[in-house]
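Worksheet: one structure, shown below.
Side chains included, hydrogens not; waters and symmetry mates left out as well; all remaining heavy atoms used.
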Amino acid sequence: MAVEAPERTRAARAAPATRTLTAATWNIHGAVGTDGRYAPLRIVGVLEQIGADIVALQEVASQQQHADFLAVIERATGYHVVAGLLRQR
């Protein structure tokens with residue numbers, strides 16, 4: 001005896017699942033605002049508002065100057081943080 005799945009079940013199985021992936025890029029100027037203050041939590045606030053799945057940050061504070069910056073971002077946002085090569089001129 002063969003049993004056939006209802007039409008909507010077959011269609012759901014055949015259709016690939018889709019999900020929108022949101023990416024953002026942002027030059028954060030070393031987490032120093034226009035007021036001249038270093039404030040990484042302001043960066044966190046904006047990242048939460050953006051809600052992107054992937055974020056590429058430029059001009060991130062160097063680890064020599066602000067060793068905990070990436071850890072702060074990771075803890076506060078839940079993002080998996082990967083540091084890239086820092087090129088200084």
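- From Trp26, atom CH2 reaches atom CD1 of Ile50 across 6.0 Å, with rounding to the nearest 0.5 Å.
- Hydrophobic clustering (side-chain heavy atoms under 4.5 Å, transitive across Ile, Leu, Val, Met, Phe, Trp, Tyr) keeps Leu47 apart from Val82.
- Through chains of ILVMFWY side-chain contacts below 4.5 Å, Leu21 is grouped with Ile54.
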*asked:* Between Val81 and Arg75, is the side chain to side chain contact (heavy atoms under 4.5 Å, CB included) condition met? List the steps.
replied: CA-CA 10 Å; Val81 174; Arg75 276 193 308 271; over 6 Å; no

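- Among residues at least two apart or in separate chains, side chain to side chain donor-acceptor pair (under 3.5 Å) pairs with a member in residues 46-56 are Arg19-Asp53.
- Here the side chain of Glu74 pairs no donor or acceptor atom with the backbone of His80 at under 3.5 angstrom.
- The heavy-atom pair separating Ile43 from Ala31 by the smallest distance is CG1-CB, 4.0 Å.
- Thr25 is listed as a side-chain neighbour of Gln58, based on a closest heavy-atom distance under 4.5 Å.
- In this structure, the separation between OH on Tyr79 and CG on Leu57 is 9.0 Å, given to the nearest 0.5 Å.
- Contact check for Glu59 versus Val32: no side-chain heavy atoms found under the 4.5 Å cut-off.
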